[in-house]
Amino acid sequence: MTGPSAALRIQELQQRVQVMQGSALSRSLPMLPGLSDLIRLRTGSTYAVDSPSLAMALMAGPSQAGEWTAVVGVPDFGLEAAEHLGVDLGRVVLVPRPGEHWLSVTAGLLDVAGLVLVKPPSPVSEHQAARLKSRMRQKDAALLSWGPWPRSEATLSVSSSTWDGVGHGHGRLAGRRVVVEVTQSGPTRAVPLWLPGADRQVRAAEPAVRAVVQVAG
Amino acid sequence: MSVGGSTGGRVAVADLAHPRVMVLWCPDWPVVAAAGHHELSLRSPVAVVDKGEVFACSPAARAEGVARGMRRRDAASRCPELAVVDRVPEVEARAFEAVLSSVEDVASGVSPLRPGLCALGVPSRFYGGEREAAAVVAEQLVGVGVWDSRSGVADGLFAAEHAARRAPAQDCWVVEPGGSAAFLGDLPISVLEDHDLVTLLRRLGIRSLGDFASLSPRDVLTRFGHHGARLHRLARGQDGRVASSRRPPVEVQQHVTFDPPLETIEPVVFSTRQTADRCVAELSRHGLVATEVRIEVLGDRGWLGSRVWSHSRWFASSDLVDRLYWQLQADPAPEPVTEVRLCPERVESLGDHGAGLWGSSVDEHVERGIARLQGMLGPEEVLTAAVQGGRSPRARQQTSPWGERGVQPRRVSLPWPGSIPPPAPARVFAEPLPSLVLGVDGRPVQVTDRGQVSAPPATFRAGRGAAQVQVQAWAGPWPIDELWWDPAHARQVARFQLVGVDGSAWLLVVEDGQWWTEARYD
């Protein structure tokens, strides 16, 4: 076994010992480079998002680093978009229709995957959130909720969205500029992003808002 | 370097460091198989026809001027007494099965390459030499009625196959150890069977494998890529592939019969437990594990339910029982069950799969967790995902139940005219939503026969009950040739991208004035 992989192995074993002792430290999940200004996901926490593209971009970092990811309760999850944003579909588990079992399915998938995206079919109670929280800490995994989540670590919402490349009867959708509002222990931050840019990459956008395409008469 | 011919080669002693491979070739196999199936004589002219063209023909037909690629009518006019049969690939594969099992009686590690061609390890030590071993194999084939077989022995699969093609009937062409490059050097470049590359090389003045092999590997890699480099390795006789084991012999199949037949699922599954244990134990006795298993369920009136299950790790006996349970739930037997068969389809060496020193692998952990979910929801509810080729966003994605071998995906790299270029929509609706798009004139937007819009879109409603939104920008129409929901009728269909003033972007399709929302760029 070579040096770096041995070190990784030791880290993994330490993590496993801590999990067994029930004192797992939360670790931060790898993120796409373009999202470095946005947020850093940590295991043991829940993050509420309101856009599937944003959720896919958040999943891409851990997925590329070898984590399994799972998607619960999203029957219209666009697989090709997820792949373009960087999610490795070979390590994705989909449960599109969990029905009434959505909470147990999510809990079960936290066992398997490092990051789970769930779209709760009904408002989530404090009790349900607390149950999943302890599960996440135990299993060293993080949760993304498409929709509000009680006591979430952070809420990320797309406050404005502008499309590039499309006019009136010409061009096509090419790039999308969004402003993501991040609410996390403190004042709300607004982070401009290309989600994705014309080069299909997710990256930080310059703060100046460009002229919006004129509305048809 | 000496090249062993069919008559002059000395017997090579098997070198343990360089495993030798024998390729067995039965020429005109489609004809041999079809003749056996239709009880025709191979001495008479016979042609096997695929899609209206001659696919293979017997030597007698060839002598009359029939050749591969000729049209059926032309072939019949050259040789009026020609017996023409349609090609049935299953017949070829089934007939070759008999050849494989008879070869397995005298040799090990038999792996079929395609019907009519198989590779095997050379049992030279046991039979006293490679030529002797080949003679034993040829004799064995005569026993099952195959008179024309040729074999080639070399260091690699590629050289051995071409040695077999040079051998006379019922004989063997031995390429000495280390002699593959010299043997291959004389062959024409066309044996690489890559039309584009071969044409290019010919234009560069490279006409034999020897010419190709003399190029520097680095130049080949930089100019022709990894594929070219692989073919270059073959041409230089550096073919690492040796015969690998084919699927296990029939003895590993396990079955259990029920008398009286069982009506409900649970007793069937329960009574199969021991058989599953036996199946796994029998495989592990041979140092093997199954990674793909076919489960067959037989009813008492002849019903047969069959499904192939694969496993990313390998099947333990409890996995087999689970799969049987899922299969019976998804595809219940319409009549009492008399028999269950477990047939390992693909096996691998246990050594490749043993658990590590630190316990089980991560993927095994995933496998277990998902098996629990499948137990809770049913196997069809937990899916794996892939992207495939297709025109509509819906057709471009493929999901299949976890652990079940998916349908072969359509290739993404092919051109798919009418498909919308990226970015791909983040939400793809299972069923298109009926929608409304009004033009600046206040009437529903239509697309004319010439692909023009009746009026620029002004407002739209994506789905029933959705709010009416003003159009900020739009693109299209992209006409569609293929009618994915009703191929029986040709209609005027086109796709549009609409962006609302609220910043939402949608993919819509219009068909005879009726609008549908297919996906959302969300």
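All chains are named by letter (A, B, ...) in the order of the sequence lines, taking the proteins before the strands, and each is independently numbered beginning at 1. Only heavy atoms go into these numbers, but all of them, side chains included; no hydrogens, no water, no symmetry mates.
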| said: Please classify the contact between E83(A) and chain B as side chain, backbone, both or neither, with a heavy-atom cut-off of under 4.5 Å. | reply: side chain

| field | Part of R427(B) within contact of chain A (heavy atom distance under 4.5 Å) | value | both

| task | Between chain B and each of A174(A), P196(A), A82(A), count heavy-atom pairs under 4.5 Å; write down the option with the most. | result | A174(A)

| Counting distance only, does the side-chain N/O of Q497(B) pair as donor-acceptor with the main-chain N or O of L173(A) below 3.5 Å? | yes

| said: Using only atom types and a distance under 3.5 Å, with no angle test, would you say the side chain of E80(A) pairs donor to acceptor with the backbone of V387(B)? | reply: no

| Roughly how far, to the nearest 0.5 Å, is CD of Q388(B) from CG of L79(A)? | 10.0 Å

| query | Judged by atom type as modelled, is there a donor-acceptor pair below 3.5 Å linking the side chain of R176(A) to the main-chain atoms of P423(B)? | reply | no

| message | I'd like to verify something: which residue of P421(B), P393(B), G476(B) has the highest number of heavy-atom pairs under 4.5 Å with chain A? | response | P421(B)

| said: If the threshold is 4.0 Å, N to carboxylate O, is there a salt bridge linking R520(B) and D76(A)? | reply: no

| said: Working note: L377(B) + V95(A), criterion side-chain contact (heavy atoms from CB on, under 4.5 Å); need CA distance, chi angles, decisive distance, verdict. | reply: CA-CA 9 Å; L377(B) 298 169; V95(A) 185; 3.6 Å; yes

| note | One should read off an interatomic distance between L89(A) CG and Q398(B) CD, to the nearest 0.5 angstrom, of 11.0 Å

| said: Can you tell me how far apart CG (D111(A)) and CG (L373(B)) are? Round to the nearest 0.5 Å. | reply: 8.5 Å

| remark: Smallest heavy-atom separation, V366(B) atom then V112(A) atom, equals CG1-CG1, 3.5 Å

| For the side chain of H168(A) and the backbone of Q472(B), is there at least one donor-acceptor N/O pair under 3.5 Å apart? | yes

| Checking F496(B) against chain A: side chain, backbone, both or neither under 4.5 Å from a heavy atom? | neither

| remark: Of all heavy-atom pairs linking M56(A) and A426(B), the shortest is CE-O, 3.4 Å

| task | Could you tell me which portion of P425(B) (side chain, backbone, both or neither) has an atom closer than 4.5 angstrom to a non-hydrogen atom of chain A? | result | backbone

| query | Using non-hydrogen atoms only, which part of V499(B) is less than 4.5 Å away from chain A: side chain, backbone, both, or neither? | reply | side chain

| request: Counting only heavy atoms closer than 4.5 Å, note whether R200(A) contacts chain B via side chain, backbone, both or neither. | output: side chain

| task | Test side-chain contact (heavy atoms from CB on, under 4.5 Å) on W478(B) and R172(A) and set out the steps. | result | CA-CA 10 Å; W478(B) 284 282; R172(A) 59 177 176 85; 3.8 Å; yes

| query | If you count heavy-atom pairs under 4.5 Å with chain B, which of P96(A), G108(A), G175(A) comes out on top? | reply | P96(A)

| message | For the CZ atom on R189(A), are there more than 12 heavy atoms of other groups (residues, nucleotides or ligands in this structure) within a distance under 6.0 Å? | response | yes

| query | Which bit of A385(B) is near chain A, if near means a heavy-atom gap under 4.5 Å: side chain, backbone, both or neither? | reply | both

| Given that the side chain runs from C-beta out, which part of L507(B) has a heavy atom under 4.5 Å from chain A: side chain, backbone, both or neither? | neither

| request: Select, from A505(B), P456(B), A430(B), the one with the greatest count of heavy-atom pairs under 4.5 Å involving chain A. | output: A505(B)

| Any sub-3.5 Å donor-acceptor pair from S53(A)'s side-chain atoms to D522(B)'s backbone N or O? | yes

| said: Is S160(A) in contact with chain B via its backbone, its side chain, both, or neither, using a 4.5 Å heavy-atom distance? | reply: neither

| query | Under a 4.5 Å heavy-atom cut-off, does chain B meet the side chain of H84(A), its backbone, both or neither? | reply | side chain

| task | Please lay out, stage by stage, how T384(B) and V92(A) fare under the test side-chain contact (heavy atoms from CB on, under 4.5 Å). | result | CA-CA 7 Å; T384(B) 54; V92(A) 171; over 6 Å; no

| Are L383(B) and V93(A) close enough that some pair of their side-chain heavy atoms sits under 4.5 Å apart? | no

| message | Using 0.5 Å steps for rounding, measure from the CG atom of L498(B) to the CH2 atom of W163(A). | response | 13.0 Å

